[in-house]
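Since the structure comes first, as structure tokens, the remarks are kept for the end.
Residue indices begin at 1 and follow the sequence shown.
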Amino acid sequence: IARKSGHRWRSPLESPKRPVLNPTKPELRKAILAKRQSLTAGEVELRSQQILKQLLANAAVLLPAHYASIALYSPIRGEVDTRPFHAHFQQQGKRLLFPLVVGNLPLEFHEVADFAQLRGGSFGIGEPLPVAGTASQRPDVILTPGIAFTENAFRLGFGAGHYDRTAAQLLEDGRRAKTRFIGLAYDFQLVP
């Protein structure tokens with residue numbers, strides 16, 4: 001997500017007639033989810049392509065100089081579609097990983113060559129089927145979904161805390177500096 005110069009970001013709850021200064025998390029989730037789910041499939045596809053182009057245009061700043069693996073997610077409820085990202089990074093020869101929810105533990109990441117290999121998992125999200133004897137892999141880059149983001153990298157998700165626990169574990173293990181988290185969102189998901 002990138003901010004346009006001189007543009008004042010407006011909360012999705014705010015209208016010209018009635019500004020909402022401090023929405024609660026449930027209010028913010030509800031408003032942004034409604035706006036996100038109102039996007040047509042064509043709008044999601046177009047906006048997702050634009051976000052990929054924006055990421056690639058800023059790759060020197062956003063992506064590590066040398067990285068071999070990138071974690072994607074299976075989009076739900078109008079999220080930025082990662083299929084174009086999958087196709088691009090697959091062409092680049094990157095290892096493509098997807099998250100697997102295992103209880104309240106940090107996410108596991110397993111390699112997936114094609115979206116068709118994902119199966120319905122936790123919360124109705126497509127997840128990889130881990131191959132017996134394979135361990136979770138540490139991604140160099142994690143493309144992160146969210147409901148809302150602030151300009152200083154705070155993220156509001158659905159509230160289960162899976163990405164938070166994953167980031168905390170990587171930090172505790174001393175590997176956080178080696179893993180880059182990049183939030184994927186539409187401009188209306190960037191909030192004060």
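The distance from atom CG of Leu55 to atom CG of Leu143, rounded to the nearest 0.5 Å, is 6.5 Å. One distance of note links CG of Asp81 with CZ of Arg47; it measures 14.0 Å at 0.5 Å rounding. Rounded to the nearest 0.5 angstrom, Ile51 CD1 and Leu184 CG are separated by 6.5 Å.
Residues satisfying the side-chain hydrogen bond (donor to acceptor under 3.5 Å, both in side chains) test with Arg95, not counting sequence neighbours, are Gln137.
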Quiz item: side chain to side chain contact (heavy atoms under 4.5 Å, CB included) between Thr134 and His110: does it pass, once the steps are laid out?
Solution: CA-CA 8 Å; Thr134 61; His110 297 275; 4.1 Å; yes

Self-check item: Derivation of the side chain to side chain contact (heavy atoms under 4.5 Å, CB included) call for Leu190 and Glu151
Solution: CA-CA 7 Å; Leu190 186 63; Glu151 289 182 349; 3.9 Å; yes

Quiz item: Step by step, would you call Arg77 with Phe158 a side chain to side chain contact (heavy atoms under 4.5 Å, CB included)?
Solution: CA-CA 11 Å; Arg77 301 174 76 180; Phe158 284 103; 3.3 Å; yes

Practice problem: Begin from the C-alpha positions of Asp140 and Ile70 and carry the test side chain to side chain contact (heavy atoms under 4.5 Å, CB included) through to its verdict. | Solution: CA-CA 6 Å; Asp140 297 317; Ile70 186 162; over 6 Å; no

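By the 4.5 Å heavy-atom criterion applied to side chains, Leu170 and Phe181 are counted as neighbours. A heavy-atom distance below 4.5 Å is found between the side chains of Pro99 and Tyr163. Inter-residue side-chain proximity for Gln92 and His88 is flagged as met; some heavy-atom pair is nearer than 4.5 Å. The side-chain heavy atoms of Val80 and Val44, taken from C-beta on, include no pair separated by under 4.5 Å. At a threshold of 4.5 Å between non-hydrogen side-chain atoms, the residues Thr150 and Pro192 do not count as touching. Looking at heavy atoms from C-beta onward, Lys25 lies in side-chain contact with Leu156 at the 4.5 angstrom threshold. Two residues are said to be in side-chain contact when any heavy atoms from C-beta on lie closer than 4.5 Å; Leu56 and Lys53 fail this criterion. You'll find the side chain of Arg83 reaches within 4.5 Å of the side chain of Pro75, heavy atoms only.
Relative to the six-membered ring of Phe188, Lys35 meets both conditions, a distance below 6.0 Å and an angle of at most 45° to the axis.
Gln169 approaches Pro106 most closely through the heavy-atom pair OE1-CB, 3.4 Å. Contact detail for Gly126 and Ser74: the closest heavy-atom pair is O-CB, 3.5 Å. Contact between Ile76 and Arg36 at its shortest, heavy atoms only, is O-NH2, 3.8 Å. Closest approach of Val101 to Glu127, counting heavy atoms only: N-OE2, 3.1 Å. Closest non-hydrogen pair, Pro84 versus Leu52, comes out as O-CD2, 3.6 Å. Across all their heavy atoms, His162 and Leu105 have their closest contact at ND1-O, 4.1 Å.
Hydrophobic clustering of Ile, Leu, Val, Met, Phe, Trp and Tyr side chains at less than 4.5 Å, counting indirect connections, unites Leu72 with Ile182. By the criterion of side-chain heavy atoms lying less than 4.5 angstrom apart, applied directly or through intervening Ile, Leu, Val, Met, Phe, Trp or Tyr residues, Phe154 is not grouped with Leu62; the two fall into different hydrophobic clusters. Residues Leu97 and Val112 fall within the same hydrophobic cluster, defined by Ile, Leu, Val, Met, Phe, Trp and Tyr side chains chained together at heavy-atom separations under 4.5 Å.
Under the 3.5 Å distance criterion, the side-chain polar atoms of Arg155 are matched with a main-chain donor or acceptor of Pro145. Listed for the Thr82 side chain is no donor-acceptor partner under 3.5 Å among the backbone atoms of Phe85. With Arg165 contributing its side chain and Asn104 its backbone, the two residues share a donor-acceptor pair below 3.5 Å. A donor-acceptor distance shorter than 3.5 angstrom exists from the side chain of Gln189 to the backbone of Tyr186, with no hydrogens or angles considered. A donor-acceptor contact shorter than 3.5 Å links the side chain of Glu27 to the backbone of Thr24. Tyr73 places no side-chain N or O within donor-acceptor distance of the main-chain N or O of Ile125, the cut-off being under 3.5 Å. Distance alone, capped at 3.5 Å, is enough to place a donor-acceptor pair between the Arg29 side chain and the Gly157 backbone. Side-chain N or O atoms of Thr166 include one that pairs as donor or acceptor with a backbone N or O of Leu107 at under 3.5 Å.
A donor and an acceptor atom, one from each side chain of Arg138 and Thr179, are located under 3.5 Å apart.
A centroid separation of less than 6.0 Å is found between the aromatic rings of Phe115 and Phe98.
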